[in-house]
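The structure appears right after this line, and notes come after that.
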Amino acid sequence: MTILNEMGIQNSITKAVQEILKSSHTDFIEDTIIGSDINQIRHLFHYLKSEKINIGISYLLDEYRATVDYIDEVSAVFRIPKFEEGSVKRCRLKFEAQGILYQFEVAILEVTKDYIRIKIPDFIQSTQPRKFKRVPMDDVFIKFTINYRPFFISSADVQSVTTRYPAIIEELKKDEPDIYLINHIITEELYKISDEFEMKFYKENEEPGMLEQLISSEHKTFFIHDTSEIENYLELAPNHNLTNYFPLYRKMLREGSSDDAKSFFKNQQKEDIRNFKNSYVYSPLYIFNKCVGHISLYSSVLDKRSIRTDQAHQVHLLSGLLSYAMSKVVLAMSFYKHSLTRIVNISLGGLLFELNQKEIFDFLIFNENLKIVIQLKNHVLNFKGEISRSFPCKDGYCIGVNFYSAGGDDFQHLEEFLYAKIKDRNVMKIV
């Protein structure tokens, strides 16, 4: 059984890596300034025009890049290729000038092919000072993975897995956990609860059953404590991490009669008893946010014991640990072994990089502590950082990271690299 489990894990991880490799809420800290002079803003727009600085424009759900083409007393014209006008007559501007990040929400006065005219705002709406100058990058890529941090919401759950499964936690702290060791430990723990268990990984295009759909949509572990009592099927589960047929029963009550709903689940109860099930558990397995399989256990009516609520909760924690391990392995194999991720800009304080995989973006938002490797000329730099902001961009998503530590002289090497870049750009402007 363990060999089959390992084959299923390997196939799921390989498939996830292949899917990632073939696909290649704006969160701002605002400081509102009241009573600013509009002339200051006009001068700012003239600076953008003279320096040909790119401006980010958010309109509806789309992100565009634009440059200032013309300015008069009350409006500014932006060149914005492939702009698609909708019903909304406002957009949001975002740009950096002289070390400060500015944001404005402005009215759109006119739209023509590849151009829009906006009303120059009367006051500065939002600014965020930059401690370090950001330097745009064209051809620098990074490797990255996540640093382990406890991911269970409950502090009691965090304490439980840290105390009971220290070997698993030690593996999860590694850049690429040993998935087979983790699987072996989890298998032994499941045997302690019941001899009758299965770790199943779904095949591609496999039609999910009722239970598979339920645990995938609920993101919870399914648990029936005693099949002889119909209340265990229909009443709210005793633990917030556990579920039963209650969500489906409630849905059927809204769409039909109470008698039909109860009859359906009484038939399900009879089928469970015919299969000699006394209690059973289904717990989902995920790679990122995609359900790729489940762990199932049951106790027979011939057994002297049934599965308890605390044991069902333990299965839920074990499946969570295995899901995290598989996700981290896929992330490491995709983004830590290969330099696939382009840097948009970088400073001594952090960097901004691009992603076009939504599932990775969503995973990083909840696992915001990153380990980053950058190849700069003859130096390989290692940084640790935290995600500070994220927003949609033209080709996917942009993620900003603040550095909080580095290896050896890596900050010095980065400073020398940025100084040389800024010097070269200034020379090119003069020429």
Side-chain angles (χ1 to χ4, degrees), residues 1-24 176-177 179-180 182-183 186-187 190 196-224 241-249 251-252 255 264-265 267-268 271-272 275 277 280-298 315-316 318-335 337-338 340 355-367 395-397:
M1 182 179 292
T2 303
I3 294 176
L4 293 175
N5 292 346
E6 292 178 354
M7 290 177 62
I9 291 172
Q10 182 62 47
N11 290 337
S12 292
I13 289 175
T14 301
K15 180 182 172 185
V17 171
Q18 290 171 345
E19 288 178 353
I20 289 169
L21 293 180
K22 74 182 179 183
S23 67
S24 250
E176 188 173 341
I179 200 71
Y180 302 114
I182 294 173
N183 175 58
I186 290 175
T187 299
L190 294 175
E196 304 293 341
F197 82 90
E198 178 186 24
M199 191 179 292
K200 178 180 178 181
F201 290 87
Y202 305 143
K203 298 177 181 177
E204 193 169 357
N205 301 322
E206 180 179 355
E207 192 69 28
M210 181 173 61
L211 274 181
E212 283 86 350
Q213 292 182 42
L214 185 60
I215 60 176
S216 177
S217 62
E218 290 286 310
H219 284 252
K220 293 183 178 181
T221 294
F222 184 91
F223 175 53
I224 298 294
N241 287 319
L242 305 179
T243 189
N244 50 27
Y245 286 111
F246 174 75
L248 189 56
Y249 174 59
K251 180 175 181 291
M252 294 176 69
E255 298 174 352
F264 177 85
F265 291 108
N267 289 333
Q268 180 63 48
E271 182 180 344
D272 291 339
N275 290 327
K277 289 183 179 180
Y280 57 100
V281 178
Y282 276 73
S283 192
L285 294 171
Y286 291 92
I287 292 182
F288 306 124
N289 287 326
K290 182 179 180 181
C291 187
V292 297
H294 67 255
I295 296 172
S296 62
L297 301 87
Y298 75 90
V315 175
H316 174 80
L318 290 169
S319 65
L321 292 171
L322 182 56
S323 296
Y324 183 90
M326 292 191 297
S327 298
K328 189 167 184 179
V329 167
V330 171
L331 189 69
M333 292 174 68
S334 305
F335 292 95
K337 288 187 175 180
H338 308 281
L340 300 174
L355 275 179
N356 56 17
Q357 297 89 355
K358 187 178 187 304
E359 65 274 17
I360 306 297
F361 174 78
D362 292 338
F363 184 69
L364 293 184
I365 295 307
F366 290 98
N367 299 272
D395 296 322
Y397 307 90

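Within the 4.5 Å cutoff, the side chain of Lys277 has no heavy atoms near those of the Ile224 side chain. Put simply, the side chain of Ile295 reaches to within 4.5 Å of the side chain of Val315, judged on heavy atoms. Phe197 has its side chain out of reach of Val281: every pair of non-hydrogen atoms, C-beta onward, lies at least 4.5 Å apart. Considering only heavy atoms from C-beta on, Asn367 stays 4.5 Å or farther from Lys328 through its side chain.
Between Lys220 and Pro284, the closest heavy-atom pair is O-CD, 3.3 Å. Annotation for Tyr202 and Ile215: closest pair OH-CD1, 4.3 Å, computed over non-hydrogen atoms. Between His338 and Met333, the shortest heavy-atom contact is CD2-O, 3.1 Å.
Taking the six-membered ring where tryptophan is involved, the planes of Tyr245 and Phe222 are perpendicular, since the angle between them exceeds 60° and thus also 30°.
We find the CG-OH distance between Asp362 and Tyr397 to be 6.5 Å, quoted to the nearest 0.5 Å. For the atom pair Glu359 CD and Leu364 CG, the distance stands at 10.5 Å (nearest 0.5 Å). We find the CG-NZ distance between Leu285 and Lys200 to be 12.0 Å, quoted to the nearest 0.5 Å. With rounding to the nearest 0.5 angstrom, the OH atom of Tyr249 is 15.0 Å from the CD atom of Gln268. In this structure, OG1 in Thr187 is found 4.5 Å from CE in Met199, a value given to the nearest 0.5 Å. Atom CG of residue Asn241 and atom OG1 of residue Thr243 lie 11.0 Å apart, to the nearest 0.5 angstrom.
Under a 3.5 Å cut-off, the side chain of Glu196 and the backbone N or O of Tyr298 do not form any donor-acceptor pair. Checked by atom type and distance alone, the side chain of Ser319 pairs as donor or acceptor with a backbone atom of His316 at under 3.5 Å. Ser323 contributes a side-chain N or O that, together with a main-chain N or O of Tyr286, makes up a donor-acceptor pair within less than 3.5 Å. No donor-acceptor distance shorter than 3.5 angstrom exists from the side chain of Ser216 to the backbone of Glu212, with no hydrogens or angles considered. Distance alone, capped at 3.5 Å, places no donor-acceptor pair between the Ser334 side chain and the Leu331 backbone. Under a 3.5 Å cut-off, the side chain of Asn275 and the backbone N or O of Glu271 do form a donor-acceptor pair. The closest donor-acceptor contact from the side chain of Ser327 to the backbone of Phe288 lies under 3.5 Å.
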Side chain to side chain contact (heavy atoms under 4.5 Å, CB included) between Leu211 and Tyr280: does it pass, once the steps are laid out?
CA-CA 12 Å; Leu211 274 181; Tyr280 57 100; 4.2 Å; yes
CA sep, side-chain torsions, deciding dist, call: Leu322, Leu318, side chain to side chain contact (heavy atoms under 4.5 Å, CB included)
CA-CA 6 Å; Leu322 182 56; Leu318 290 169; over 6 Å; no
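Applying the salt bridge (Lys or Arg N to Asp or Glu O under 4.0 Å) rule to pairs touching residues 283-297 yields Glu19-Lys290, sequence neighbours excluded.
Around the CD atom of Glu206, the shell of radius 6.0 Å holds more than 12 heavy atoms that belong to other residues, nucleotides or ligands.
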